[in-house]
Amino acid sequence: MTAPLTPHDQQPPFPPYPGTGGPGGGKDEQPSLTAELARGALVALLVTVCGVLLGLLWLWLSPRIPMISDGKAVYLKDTEGEEAIGGDGTFAIIAMVLGALTATGVFLRYRRGGVAVVLGLAVGGLLASVVGWRIGVALGPTSDIVAHAKAVGPKVVFDGPLELRAKSALVAWSAAAMLVHLGLTSAFGPRDPQPVYGPYPKWGAPPPVAPGQQPYPQPHPYPNAQPQPHPQHPHPGPEDTPPPGPDKD
């Protein structure tokens with residue numbers, strides 16, 4: 001007779017999957033996901049607002065491009081000047097500094113990483129750069145160079161418009177923010193708990209061996225195989241030795 005099988009309604013319960021918190025784990029994860037997305041959106045919004053500060057600092061610290069008119073055309077006063085390149089570099093440096101500061105502030109606020117927070121820093125940094133660029137251009141000298149030259153008159157030096165020629169500087173804020181946040185999280189972020197191992201079991205002495213019994217019997221590798229007798233090879237006697245042949249000189 002065989003043992004009765006366990007009915008389906010009496011099966012032993014399996015342990016919950018890690019991270020679900022039980023059979024209804026999917027419902028518990030939804031609020032955390034929503035909170036994480038809301039946190040990332042808040043970070044992006046606050047970083048975007050900081051773009052106003054970028055535009056004002058760029059307008060204040062960027063070198064001016066001197067221009068002059070002879071009444072017929074407008075020229076650069078110093079054709080070998082580096083003011084235009086200096087404007088792009090100033091924008092990139094200010095953006096990287098503000099990106100590092102915003103990443104530090106976000107880390108000090110949440111003290112951990114997260115995909116939503118990092119995406120919020122990246123998207124917010126890009127939007128902040130665009131906002132700062134447009135504010136600097138709007139508040140700077142007019143982009144209508146001809147009208148500006150006619151207004152000041154010929155042979156009078158005036159400032160050229162504030163332009164961002166290297167559009168790659170727009171990603172400087174996002175790159176600096178993500179790098180700084182990654183470094184702070186790696187250095188000062190929370191660590192995963194280390195597994196705690198229990199005490200090792202203490203093995204006692206082996207059981208006593210009965211008289212006439214081997215302590216550790218070795219099973220035969222092939223239980224159904226029968227040992228084969230070794231063939232007996234008789235030693236050759238004197239009568240089995242062939243006579244020596246004639247010597248050949």
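The first residue in the sequence is number 1, and the count goes up from there. We use all heavy atoms of the structure for the numbers below, so side chains are in, but hydrogens, waters and symmetry mates are not.
Partners of Val156 according to the side chain to side chain contact (heavy atoms under 4.5 Å, CB included) rule, which considers only residues two or more places apart in sequence or in another chain, are Val152. With sequence neighbours excluded, the residues that form a side chain to side chain contact (heavy atoms under 4.5 Å, CB included) with Leu56 are Val52, Leu139. By the side chain to side chain contact (heavy atoms under 4.5 Å, CB included) test, Leu61 is found to be paired with Thr90, Ile94, residues two or more places apart in sequence or in another chain being considered.
In plain terms, the two heavy atoms of Ala169 and Ala92 that are nearest each other are CB-CB, 4.1 Å. Across all their heavy atoms, Ala177 and Ala103 have their closest contact at O-CB, 3.2 Å.
In this structure, Arg64 contributes its side chain and Ser62 its backbone to a donor-acceptor pair below 3.5 Å.
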Without placing hydrogens or testing angles, list every side-chain donor-acceptor pair under 3.5 Å for residues 157-167, not counting sequence neighbours.
from	atom 1	to	atom 2	distance (Å)
Glu163	OE1	Arg165	NH2	3.3
Lys167	NZ	Leu164	O	2.6

Contacts table for residues 120-130: side-chain donor-acceptor under 3.5 angstrom, sequence neighbours left out:
from	atom 1	to	atom 2	distance (Å)
Ser129	OG	Gly125	O	2.9
Ser129	OG	Leu170	O	3.0

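Under a 4.5 Å side-chain heavy-atom cut-off, the cluster of Ile, Leu, Val, Met, Phe, Trp and Tyr residues that includes Val115 is completed by Leu119. The hydrophobic side chain of Leu182 is isolated, with no ILVMFWY side chain under 4.5 Å apart from it.
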Between Thr102 and His181, is the side-chain contact (heavy atoms from CB on, under 4.5 Å) condition met? List the steps.
CA-CA 9 Å; Thr102 52; His181 189 271; over 6 Å; no
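Linking ILVMFWY residues whenever their side-chain heavy atoms come closer than 4.5 Å, directly or via other members, leaves Leu37 and Leu42 in distinct clusters. Two different hydrophobic clusters hold Leu98 and Met178 under the rule that ILVMFWY side chains link at heavy-atom gaps under 4.5 Å. In the hydrophobic clustering of this structure, Leu179 does not group with Val106; members are Ile, Leu, Val, Met, Phe, Trp, Tyr whose side-chain heavy atoms approach within less than 4.5 Å, directly or through other members. Residues Val180 and Leu46 do not share a hydrophobic cluster, defined by chaining ILVMFWY side chains whose heavy atoms lie under 4.5 Å apart. A continuous path of ILVMFWY side-chain contacts below 4.5 Å connects Val137 to Val131, so both sit in one hydrophobic cluster.
Leu59 contributes atom CG, which lies 11.0 Å from atom CG of Leu54 (distance to the nearest 0.5 angstrom). Going from atom CE of Met96 over to atom CG of Leu101 covers 12.5 Å, rounded to the nearest 0.5 Å.
Within the structure, ring-ring contact (aromatic ring centres under 6.0 Å, His included) pairs that include any residue of residues 90-124 comprise Trp58-Phe91 (at least two apart or interchain). Among pairs with a residue in residues 37-53, those fulfilling salt bridge (charged side-chain N to carboxylate O under 4.0 Å, His left out) read Glu36-Arg39, at least two apart in sequence or across chains.
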